[in-house]
Structure formats: C-alpha cells, structure tokens
Amino acid sequence: DLDITQDGTNNEFGDSNADAKLTGDTMTFAITQTGNLNKIDAEIDGNDYTGTWVFTGNNNEVDLTCDKTSGVNCENVTLNITTIGNTNLFDIYIGESADSQDLTANFTITGDGSVVQTEVNGKNADITVTMNNSTSLATTSANSDEGNQLDLTQTGNGDSLGHSITLNITGGGSTYTVTQSGIYDNK
C-alpha cells in the first residue's frame, strides 16, 4: 500500500530514463499531484492492482505500464484517474501481452488540451471516460490549446461479455478514437 502526495511544480515519480517500478501482489498505489509540469513514469508488476490517481494543474504527464513482460502480472486492475487542468498527457498500457484478466478503469478529465491514450490487451476491459471541457471556446477540432484527444484501444479475447467503453462527453472541439477487437461482442 503506497500513498504519495506531491505539491508544487516539476515533481517526478520515475522519469523517462528509469521508470518507478512497483512489484508485488495485491497492491494499492495512490498518488495525488497538485501543480504544473509534474511527471509519473511507472511500471507495475503484480497480480492485483488498485490505483487512485488525482491531478490538479496543467502540463502534467503520466506514462503507466502494467504487465510489460508477459508474466502473470496485472491480472485484476482497477484504475481511477481524475484530473482538473489543461494540456495533460496520459499514456496507459495494461496487459500488453494479453495477460491481463480484468480491467476496470475510470478517467474523469476536466479541462482543455488533454490527451488520453490507452492500450489494453486482456480478457475483459471496462473503461469509462468522463470528459468536460464545457468552458472551452473549442468548437471544431482539437489542437494544442483547445479540445481534448482520446485514443482507446482494447484487444484480446474480450471474455464472454466482450470489452466495453462508456463515454460521457461535455463540450466541443475534441476528438475520440475507439478501437476494439476480440472474439466476443464489444460495446
């Protein structure tokens, strides 16, 4: 069980040269970063992982990998990410080798110019995204200072119920790409 709070500017947990590597089963990792230009580069290796990540500020970056090496890791993952701010970047990779069994992920994004990219490879993945940039002046297309960009990819069997994605979108000027595959129904 690891809880981290970082307040201020230019905080880091891991970096592009060396990810913070968390190894262990039945893991809970929560992080709160308040401020601008904060970074998380983390690799998680463990069977059961629960994460609650909260960000308030602009120009923050997250690069999370869970089960990077096709071991018996990230079998059951629950991930809740909430951000309030502009121009934040989230790259989330879960079960890249189809080892992940179950994923429940919730993203709540309030602000403009943020990018969420996920690649989930596993048996069952349920993702809910709530984006609100209603105070934005963006109305037609996403660019570096207006709108948000969402790119979700789900692959793997899809279990008996398939994968699911639920989008709740308020505001304009954003782009959304959803790619699902598997042998069962996807919704």
Side-chain angles (χ1 to χ4, degrees), residues 16 19 40-45 47-53 55 60-83 86-134 136 138-187:
S16 57
D19 291 348
I40 296 175
D41 283 283
E43 178 183 330
I44 295 175
D45 296 320
N47 280 337
D48 299 300
Y49 169 67
T50 300
T52 303
W53 299 20
F55 305 92
N60 297 303
E61 295 180 24
V62 173
D63 189 346
L64 169 65
T65 302
C66 197
D67 191 25
K68 183 176 180 178
T69 60
S70 72
V72 287
N73 301 315
C74 293
E75 297 290 333
N76 299 293
V77 176
T78 301
L79 182 61
N80 298 296
I81 294 180
T82 302
T83 185
N86 299 317
T87 321
N88 294 300
L89 173 62
F90 300 93
D91 289 321
I92 311 292
Y93 303 95
I94 307 288
E96 292 177 274
S97 62
D99 194 43
S100 180
Q101 298 290 319
D102 295 299
L103 167 71
T104 301
N106 298 291
F107 296 94
T108 303
I109 312 293
T110 303
D112 266 342
S114 291
V115 176
V116 177
Q117 301 175 110
T118 67
E119 186 173 321
V120 178
N121 190 339
K123 291 186 177 177
N124 185 324
D126 299 308
I127 299 174
T128 300
V129 178
T130 302
M131 283 191 151
N132 183 345
N133 67 332
S134 61
S136 170
T139 57
T140 56
S141 65
N143 63 41
S144 63
D145 61 352
E146 295 180 359
N148 292 309
Q149 178 183 338
L150 178 65
D151 186 0
L152 302 176
T153 300
Q154 293 173 318
T155 61
N157 288 346
D159 208 352
S160 62
L161 300 176
H163 300 298
S164 72
I165 295 177
T166 302
L167 300 177
N168 301 300
I169 301 165
T170 305
S174 298
T175 61
Y176 306 93
T177 303
V178 174
T179 305
Q180 292 179 315
S181 64
I183 60 174
Y184 296 104
D185 293 335
N186 295 301
K187 52 191 175 237

Test item: Asn148 side-chain N/O and Ser114 main-chain N/O as donor-acceptor pair under 3.5 Å: yes

Separation between OG of Ser174 and CG of Leu167, rounded to the nearest 0.5 Å: 11.0 Å

Side-chain donor/acceptor of Asn186 to backbone N/O of His163, under 3.5 Å: yes

Between CD on residue Glu75 and NZ on residue Lys123, distance to nearest 0.5 Å: 8.0 Å

Heavy-atom pair of closest approach, residues Gln180 and Gln154: NE2-OE1, 2.7 Å

4.5 Å side-chain heavy-atom contact, Leu79 and Tyr49: yes

Any side-chain donor near an acceptor of the partner, Asp126 and Ser164, under 3.5 Å: yes

Asn133 side-chain N/O to Gly172 backbone N/O, donor-acceptor pair under 3.5 Å: yes

Euclidean distance, Thr155 OG1 relative to Glu119 CD, rounded to 0.5 Å: 6.5 Å

Test log, rule side-chain contact (heavy atoms from CB on, under 4.5 Å), inputs Ile92 and Val62: CA-CA 8 Å; Ile92 311 292; Val62 173; 4.1 Å; yes

Glu61: side-chain hydrogen bond (donor to acceptor under 3.5 Å, both in side chains) partners, not counting sequence neighbours: none

Test side-chain hydrogen bond (donor to acceptor under 3.5 Å, both in side chains) applied to Asp41 - qualifying residues, sequence neighbours left out: none

Euclidean distance, Asp112 CG relative to Asn132 CG, rounded to 0.5 Å: 9.5 Å

Ile94 CD1 to Ile127 CD1 distance, which is reported to the nearest 0.5 Å: 8.5 Å

Heavy-atom closest contact (Val77 atom, Cys66 atom, distance): CG2-SG, 4.2 Å

Side chain Asp151, main chain Gln117, donor-acceptor under 3.5 Å: no

From CA spacing to verdict: side chain to side chain donor-acceptor pair (under 3.5 Å), Asn80, Asn106: CA-CA 5 Å; Asn80 298 296; Asn106 298 291; 2.8 Å; yes

Side-chain heavy atoms of Asp63 within contact of Tyr93, under 4.5 Å: yes

Min side-chain heavy-atom separation Phe55-Asn88 under 4.5 Å: no

Distance in Å, Phe107 CZ paired with Thr118 OG1, rounded so as to fall on 0.5 Å steps: 5.5 Å

